[in-house]
Chemist: 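Attaching a single structure in structure tokens format; questions to follow.
Count residues from 1 along the sequence.
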Amino acid sequence: MPFASDFQRSVTDLDLSAARSGIFTAGIARLRLDAENLGRFNEVLQRVAPDHPPYTADQIAGAVRRVLRAAAKRLDVPFIRIRMRRAAEIRAALVDAHWQVPAPLESIMTAIVAYLDDTDHALIARDTPVVGQLDDAILVDAAMDTLRTELDDYAEFCRFRHAEAARIGLAASALSTDREHWRRECAHELLLEQQLRRVRDSRYGRSGDEPEGFHIR
């Protein structure tokens with residue numbers, strides 16, 4: 001199963017305001033933000049989040065400073081870690097033959113994965129200590145409003161598939177369960193739940209119509 005059962009669904013915001021990011025952080029002089037690579041980054045950003053304004057070098061540098069400063073103080077900054085978990089979900093959903101991603105979302109997810117894999121043109125070099133995936137995380141974050149429901153559905157599908165596999169004693173990879181089968185099962189479960197709720201409500205909601213009990217004289 002690609003996701004841990006305790007996967008954090010919430011994410012932690014990272015303030016990108018350059019004005020409040022400070023001027024100096026130890027080691028920042030080693031970071032170089034290439035203008036051409038920043039242009040490529042913003043081109044991908046527009047494909048995955050068309051309404052999102054382009055990022056400036058100052059905003060990216062401000063985010064880098066915050067992460068480095070927190071790391072220097074031995075503070076946990078989950079921004080990169082959590083979003084890279086989402087990136088792993090994106091990869092898993094794209095390659096899963098039993099999960100058909102809708103075409104508009106597939107193009108967004110493919111663009112993200114292509115950027116993550118293009119190490120030669122990364123805005124921040126992947127081997128940069130602590131912040132080597134910060135640009136990847138920012139890109140994933142920008143697309144989350146669009147992708148969150150799809151990725152959450154995929155996580156539920158994976159849980160369903162593994163539960164079915166365990167129930168019948170097969171490996172999950174051996175099942176032919178696909179997205180449509182999962183949706184039908186969810187719809188059936190919802191109808192059953194609604195029926196049971198109606199039965200419960202009718203049983204306990206009309207106590208006045210029940211026959212009078214025995215009287216002992």
Chemist: Do any N or O atoms from the side chain of Thr56 and from the backbone of Gln59 form a donor-acceptor pair under 3.5 angstrom?
Modeler: yes
Chemist: Between Pro129 and Leu68, what is the shortest heavy-atom contact and its length?
Modeler: O-CD2, 4.2 Å
Chemist: Would you mind reporting whether Val140 and Met144 have side-chain heavy atoms less than 4.5 Å apart?
Modeler: yes
Chemist: Look up atom CD1 in Ile90 and atom CZ in Arg83, then write down how far apart they are to the nearest 0.5 Å.
Modeler: 12.0 Å
Chemist: Compare all side-chain heavy atoms of Thr146 with those of Ile108 and state whether any distance is below 4.5 angstrom.
Modeler: yes
Chemist: Hey, could you give me each pair passing salt bridge (Lys or Arg N to Asp or Glu O under 4.0 Å) that has a residue in residues 91-105? Not counting sequence neighbours.
Modeler: Arg91-Asp117, Asp96-Arg161
Chemist: Using a distance-only test with no angle check, is there a side-chain donor-acceptor pair under 3.5 angstrom linking Asp178 and His181?
Modeler: no
Chemist: For the residue pair Asp135 / Tyr115, report whether a side-chain donor-acceptor contact shorter than 3.5 Å exists.
Modeler: yes
Chemist: How far does CD1 of Ile124 sit from CD of Gln133, to the nearest 0.5 angstrom?
Modeler: 10.5 Å
Chemist: Show the nearest heavy-atom pair for residues Val101 and Ala93, with the distance to one decimal.
Modeler: CG2-O, 3.9 Å
Chemist: Going by the ring-ring contact (aromatic ring centres under 6.0 Å, His included) test, which pairs reach into residues 56-78, not counting sequence neighbours?
Modeler: none
Chemist: Could you check if a side-chain atom of Thr149 sits within less than 4.5 angstrom of a side-chain atom of Asp152, using non-hydrogen atoms only?
Modeler: no
Chemist: Nearest 0.5 Å, what's the CG-CG distance between Leu134 and Asp141?
Modeler: 10.0 Å
Chemist: With a 4.0 Å cut-off, would you call Arg126 and Asp136 a salt bridge?
Modeler: yes
Chemist: Looking at Glu180 and Arg184, does any basic side-chain N land under 4.0 Å from a carboxylate oxygen?
Modeler: no
Chemist: For residues 99-109, pull every pair meeting side-chain hydrogen bond (donor to acceptor under 3.5 Å, both in side chains), keeping only residues two or more places apart or in separate chains.
Modeler: Trp99-Glu150
Chemist: Using every non-hydrogen atom in the two residues, find where Ile80 and Ala137 come nearest and quote the distance to one decimal.
Modeler: CA-CB, 3.8 Å
Chemist: Please name the pair of heavy atoms, one in Gln46 and one in Pro53, separated by the smallest distance, quoted to 0.1 Å.
Modeler: NE2-C, 4.3 Å
Chemist: Donor-acceptor check, side chain of Asn42 to backbone of Leu45, threshold 3.5 angstrom: yes or no?
Modeler: no
Chemist: If I take atom CH2 from residue Trp182 and atom CD from residue Glu156, how far apart are they, to the nearest 0.5 angstrom?
Modeler: 7.0 Å
Chemist: Supply the atom-to-atom distance Asp118 CG to Leu123 CG, rounded to the nearest 0.5 angstrom.
Modeler: 12.0 Å
Chemist: To the nearest 0.5 angstrom, please state how far the CZ atom of Phe157 sits from the NE2 atom of His162.
Modeler: 9.0 Å
